[in-house]
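In what follows, a structure is listed as C-alpha cells, so that the remarks can point back to it.
Quick note: residue numbers are just sequence positions, from 1. As the structure is a prediction and not an experimental result, all values here were calculated from the model. One-based numbering, in listed order, for ligands and for the atoms of each. Keep in mind that the numbers below use all heavy atoms, side chains included, and drop hydrogens, waters and symmetry copies.
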Amino acid sequence: LPTQSRQAPATAGLSHDKWEIDPSELNLLEELGSGQFGVVRHGKLRSLDVAVKMMKEGTMSEDEFIEEAKVMTQLRHPNLVQLYGVCSRHRPIYIVTEYLLNGSLLHYLRANDKSLLNNTDILIDMCVQVCNGMVYLERQKFIHRDLAARNCLVGIQNEIKVGDFGLARYVVDDEYTGSGGAKFPIKWAAPEVLNFMRFSSKSDVWAYGVLMWEVFNCGKMPYGRMKNAEVVDMVQSGRLLEKPRYCPDEIYNVMRQCWIHPAEQRPSFSEILRSLPHE
Ligand SMILES: CNC(=O)Nc1cc(-c2cccc(-n3cnc4cc(C(C)(C)C)ccc4c3=O)c2C)cn(C)c1=O
C-alpha cells in the first residue's frame, strides 16, 4: 500500500472537542471585510490559511450556533467553504473557516465581467460547481437559506465554493430575519418564503436560479433598482427575470425550472446537475 501522506489532515490536533480551536494557535492577519456578524480577518492556524469571523456581540444566537457547529464541521465537500471550528471559550467567539484567495463570487464577477461575459464555458462551470456543493447539502438535508453570488467564494483557478450555509438561522437582526426587513434577501426568495417563510431545499433551488442569472449577467443586481415591494408583486404575478444577453437558451430554461411557483414542481439540485452540461 502506498505510505499514507505524512501531511496531517487540515484540522488535525484540534482540541478534545474537535470543533473547538485553541486561539493561541491562531495568527490574525489583514482584515478581509465585514459581514452580518462583524469583522472577518485572514489568519493562520499553524501553517493553514484561514478566515476568522469575529462575532460582534449581540449579532448572533451564539449558544445555538455553537451547538450546531458540531454538525457543520462534519459537512465536507470540495464546493463548500470548510468550517474548521470555533473559538468559543472567550468573547467575541471566532468562527474559523477555510480561506479562499479571490473573495466573493459577486465581487469576482463584477471585477472580471469583460473577460467573463461571452465565455459561457467558464460561466456554466461556475454554475456547475455551485450546483455540486448544493447537491451535497441537499443530500445531507441541510438548507442554506441565503444562497446568492455574494455568499459564494472564489479560490484559485476559478474554483467556486458555497459559504455561510445555514448561518442565517443564527442572525439576531430583525432587518435581516423578517421578510419585511431591509436586509431580507427578497430578490432571492421563493414565493413560499415571501408568504410563509417556508424554507426548504426547493427554496434554495429558487435562489440558485437567481444565482445563475447573476453569473450570466456578471454580477448585475437582479430586478435592477426595483424596490422590494415591486419585486414581490412581480414574482407573485409570475413574471420572471429575463434571459441574460449571452445566456444559451438551454441554460435559461434551467433558470426557469428553478422559478416554478409550486416548490414541489421545481427540480432537485441533482436533477439540475444532470441538466447542466458538465464533464
Ligand atoms: C480575498 N479573499 C477573501 O476575502 N476571502 C474570504 C472572505 C470572507 C468574508 C469576508 C468578509 C465578510 C464575509 N461575510 C459575508 N457575508 C456573510 C453573510 C452571512 C449571512 C448569515 C447573512 C448569510 C454571514 C456571514 C457573512 C460573512 O462573514 C466573508 C464571507 C470569508 N472567507 C472564507 C474568505 O475566504
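Listed by chain and residue number, the protein contacts of ligand 1 are Leu32, Gly33, Ser34, Gly35, Gln36, Phe37, Val40, Ala51, Lys53, Thr97, Glu98, Tyr99, Leu100, Leu101, Gly103, Asp146, Asn151, Leu153, Asp164, Leu167, Ala168, Val171, Tyr176 (heavy atom within 4.0 angstrom).
Checking Gln82 against Thr97 by side-chain atom types alone, no donor-acceptor pair falls below 3.5 Å.
For Phe184 and Tyr176, the distance between ring centers is not under 6.0 angstrom.
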**Request:** Check the pair Lys227 / Ile186 against side chain to side chain contact (heavy atoms under 4.5 Å, CB included), numbers first and verdict last.
**Result:** CA-CA 10 Å; Lys227 294 197 178 19; Ile186 286 274; over 6 Å; no
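Looking only at side-chain heavy atoms (C-beta outward), Val40 and Met54 stay at 4.5 Å or farther from each other.
When all heavy atoms of Asp63 and Arg91 are compared, the closest pair comes out as OD1-NH2, 4.1 Å.
Considering only residues two or more places apart in sequence or on other chains, Phe37 meets the ring pair (Phe, Tyr, Trp, His ring centres under 6.0 Å) condition with none of them.
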